[in-house]
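The next block holds one structure in the form of structure tokens; read it before the comments.
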Amino acid sequence: MSDILGLGITHYPGLIPRFAQPGSLRKLLQDPGLPARYRSAEGWPEVMRREWADDEGAAFAERHRQAVKAEMMKARAALDEFQPDFVVVWGDDQHENFRDDVIPSFCVLAYDAVDVQPWSRAGAPPNVWGEAPDATFHIRGHRQGAKYLASRLLEQNFDMAYSYRPLHQPLGHAFTNSVLYLDWERRGFPYPMVPFSVNCYGRRVIATRGYMESLAHPVADADLDPPSPSPSRCFDLGAACARALAASPWRVALVASSSWSHAFLTRKHWYLYPDTPADRTLFDALAAGDYAAWRATPLARVEDSGQHELLNWFCLAGAMAELGRKPDWNVFIESNIMNSNKVIATFRGQGGQPANTTDKT
């Protein structure tokens, strides 16, 4: 029987620039479709105004980065303590590797290895590590483990897609950033990774290229794409992964990589700020091990709250429910101007009560 570690992390791109800033919010403020009352901080909720302060959020953005960094380093410590044979990462693809030619609901990326240059994009701002545009990271895969997982899922009646080589990009940012952040101190990342792509953006993955919709020119309903897999399907898939890997010969870390509700997906808030109450409801259920509440969450509620990327965490929740695990440590890092709330969690399976920590930064 294999040992399994559960981790929940973020791959939020806003941690990367040398000078942290609320980039999505600034982009929104240029949208001519944003109502005039929201074009200055006076029209925002009080918590947003405090974060924005008198420096357009610069100080808060740096505090937020440092808070997330500190929790990510704890996640890395748990990974090093566990010493997995490989790491499975559930992550979303935002019109990166999968585009108009094919959008699988789920796809196991059974790569031997990939080389990525995350700073090579034209116009990319200097990064917080001071790394050059041509800096290359070699990320090992685990094809044998990936093929095993895809096979066992097919045997459990999941119509799994799999891939032996990239289609459009070597690796989507959900997976690349997961490695970059878990190796924040650049000590090296020795663990092979099996990227597991989840179509979290569903109706908007092609229609908005996996990013922000223009309020001035919203996407017509007829132009939206087919939906993502439901939360319950993601939950059940995670449980199936846990069953398969528990019977494998490997020690495996199961990792959900995403922030929680996203401002740029929360239309009811004019894309200004995330749905923090909805996030806290699921956070409290996770801390209590109330997985029935997770599985019962409808896709419509997820989409209404801008929680699209949480489908990755629904996979993790299903796996931990299958294993009878509660988080032994989990922290909620609230942010309104930095697009999304962040949750970092570990599930070691060592018993005891979960640590339910809230860090308002």
Checklist entry - Taking it one step at a time, do E96 and H168 satisfy side chain to side chain donor-acceptor pair (under 3.5 Å)? => result CA-CA 7 Å; E96 296 165 286; H168 291 290; over 6 Å; no

Item to check | Worked verdict on H142 versus D112 for side chain to side chain donor-acceptor pair (under 3.5 Å) | outcome: CA-CA 6 Å; H142 197 288; D112 286 321; over 6 Å; no

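- Sorted by first and then second residue, the ring pair (Phe, Tyr, Trp, His ring centres under 6.0 Å) pairs involving residues 206-235 (not counting sequence neighbours) are Y211-F264.
- Within the structure, the ring pair (Phe, Tyr, Trp, His ring centres under 6.0 Å) test picks out the following pairs touching residues 302-326 (sequence neighbours left out): W260-W313, W294-F314.
- R209 and Q94 are not linked by any side-chain donor-acceptor pair at a separation below 3.5 angstrom, with hydrogens and angles left out of the test.
- Residues T276 and F332 approach most closely at CG2-CZ, 4.2 Å, considering heavy atoms.
- No hydrogens or angles considered: a donor-acceptor pair under 3.5 Å links the side chains of H138 and D115.
- Side chain of S248 to main chain of L245: a donor-acceptor pair is present (N/O by atom type, distance under 3.5 Å, no hydrogens or angles).
- A cation-pi arrangement is absent between R186 and W184, since the terminal nitrogen or guanidinium carbon is not both under 6.0 Å from the aromatic centre and inside a 45° cone about the axis.
- Partner of D275 under the side-chain contact (heavy atoms from CB on, under 4.5 Å) criterion, out of K268, Q307, R301, H262: K268 alone.
- Side-chain contact check for N199 and D92: no donor-acceptor pair (N or O, by modelled atom type) lies under 3.5 Å.
- S257 meets the side-chain hydrogen bond (donor to acceptor under 3.5 Å, both in side chains) test with H11, S178; sequence neighbours excluded.
- Looking only at distances, a side-chain donor or acceptor of N341 sits under 3.5 Å from a matching main-chain atom of S335.
- The aromatic ring centroids of Y271 and Y273 lie 6.0 Å or more from each other.
- Between D284 and R280, none of the side-chain N atoms (NZ, or NE/NH1/NH2) sits under 4.0 Å from a carboxylate O, so this pair counts as no salt bridge.
- In this structure, S214 contributes its side chain and A216 its backbone to a donor-acceptor pair below 3.5 Å.
- Remark: E81 engages R348 in a salt bridge, criterion side-chain N to carboxylate O under 4.0 Å.
- Using a 3.5 Å distance cut-off with no hydrogens or angles, the side chains of Q117 and T136 do pair a donor with an acceptor.
- In this structure a side-chain-to-backbone donor-acceptor pair under 3.5 Å is missing from R251 to D3.
- Taking the charged nitrogens against the carboxylate oxygens, K342 and E334 have no contact shorter than 4.0 Å, which rules out a salt bridge.
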